[in-house]
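Structure first, then comments.
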Amino acid sequence: MENEKRKRGRPRIDADFIGDLAPSHRAQVNMKYMYDGVVFLSDYSGEIPGHNLIWKEDPATCSASGKQGVAEQLGRMLEQDHLLLGDCIYFANEAAGALEAGHTSREVEKALRAARLAMKKYMADQEDEEARSEAAKAVQNLERMQTKC
């Protein structure tokens, strides 16, 4: 009888296209999700009026700038958590509104992460009222960030 090695931990995510841009695998994965978020923002820029607050490209100077953490959380929502496209567009609009209201990108990133994780927990067990309540609170917190700080 042969002993098979059990695979432990998380499955490896293919982020090799990032290559030498990141010093570690974790940084490569983070960059992959940021890239996914940037592609999402570019593809649906017509439905996200404030997308330039999150990510902006300037073809004239061949440069880009943006809030990498916010773009990463949006990419994770879409690719890792498999949220519906409409939900991702909603969260992107909320994030842009919070940035426009004067919140820092780090504050918006934390609020998006909290909402993403709460939604993930709720989607795993939709009968759990506590998870539903936590998801609602996290989304309301993000919505409240629309007001000026």
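For this chain, numbers begin at 1 and follow the sequence in order.
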Note, Val108 side chain near Lys67 side chain (heavy atom, < 4.5 Å): no

Where at least one partner belongs to residues 40-61, residue pairs that pass ring pair (Phe, Tyr, Trp, His ring centres under 6.0 Å), sequence neighbours excluded: Phe40-Tyr44

Do the side chains of Glu72 and Asp36 get nearer than 4.5 Å, heavy atoms only? no

Taking only residues two or more places apart in sequence, or in another chain, which ones meet Asp125 in a side chain to side chain contact (heavy atoms under 4.5 Å, CB included)? Glu127, Asp128

Got a second to check how far Met123's CE is from Asp87's CG, nearest 0.5 Å? 8.5 Å

According to a hydrophobic-cluster definition based on side-chain heavy atoms being under 4.5 Å apart (Ile, Leu, Val, Met, Phe, Trp, Tyr only), do Leu85 and Leu142 belong together? yes

Nearest heavy-atom contact between Ser105 and Leu99 is CA-CD2, 3.8 Å

Report the distance from atom CD1 of Ile54 to atom OG of Ser45, rounding to the nearest 0.5 Å. 11.5 Å

All side chain to side chain contact (heavy atoms under 4.5 Å, CB included) counterparts of Tyr122, not counting sequence neighbours: Gln126, Ala131, Arg132, Ala135

State which residues pass side-chain hydrogen bond (donor to acceptor under 3.5 Å, both in side chains) with Gln146; sequence neighbours excluded, sorted by chain then number. Glu94

State, to 0.1 Å, how close Ala95 and Val70 come at their nearest heavy-atom pair, and which atoms those are. CB-CG1, 4.0 Å

Joint hydrophobic cluster, Val39 plus Ile89, side-chain heavy atoms closer than 4.5 Å: no

In short, Ala96 meets Leu53 closest at the heavy-atom pair O-CD1, 3.4 Å

Kindly determine whether Leu83 and Leu78 satisfy side-chain contact (heavy atoms from CB on, under 4.5 Å), including the steps that lead there. CA-CA 5 Å; Leu83 288 182; Leu78 192 63; over 6 Å; no

Step-by-step side-chain contact (heavy atoms from CB on, under 4.5 Å) determination, Glu143 to Tyr90: CA-CA 10 Å; Glu143 290 172 345; Tyr90 170 77; 2.2 Å; yes

Which atom pair, heavy atoms only, marks the closest approach of Leu74 to Cys88? CD2-O, 4.2 Å

How many angstroms lie between CG in Leu84 and CE in Met119, if you round to the nearest 0.5 Å? 8.5 Å

What distance separates His82 NE2 from Arg76 CZ, expressed to the nearest 0.5 Å? 12.5 Å

d(Lys32 NZ, Glu79 CD) to nearest 0.5 Å is 5.5 Å

side-chain contact (heavy atoms from CB on, under 4.5 Å) between Lys120 and Gln80, worked out: CA-CA 10 Å; Lys120 186 176 179 178; Gln80 181 181 9; 4.3 Å; yes

The criterion is side chain to side chain contact (heavy atoms under 4.5 Å, CB included); which residues satisfy it with Ser133, sequence neighbours excluded? Lys137

Glu134: partners by side-chain hydrogen bond (donor to acceptor under 3.5 Å, both in side chains), with sequence neighbours left out: none

Taking Val29 as the starting point, is it possible to reach Val38 by hopping between hydrophobic residues whose side chains are less than 4.5 Å apart? no

With sequence neighbours excluded, what pairs up with Gln140 under the side-chain hydrogen bond (donor to acceptor under 3.5 Å, both in side chains) test? none

Suppose we screen for salt bridge (charged side-chain N to carboxylate O under 4.0 Å, His left out). Which residues come up paired with Arg106, at least two apart in sequence or across chains? Glu109

By side-chain hydrogen bond (donor to acceptor under 3.5 Å, both in side chains), which residues pair with Arg116, not counting sequence neighbours? Gln73, Asp81

Approximate separation, where rounding is to 0.5 Å, of Met34 CE and Gln68 CD: 5.5 Å

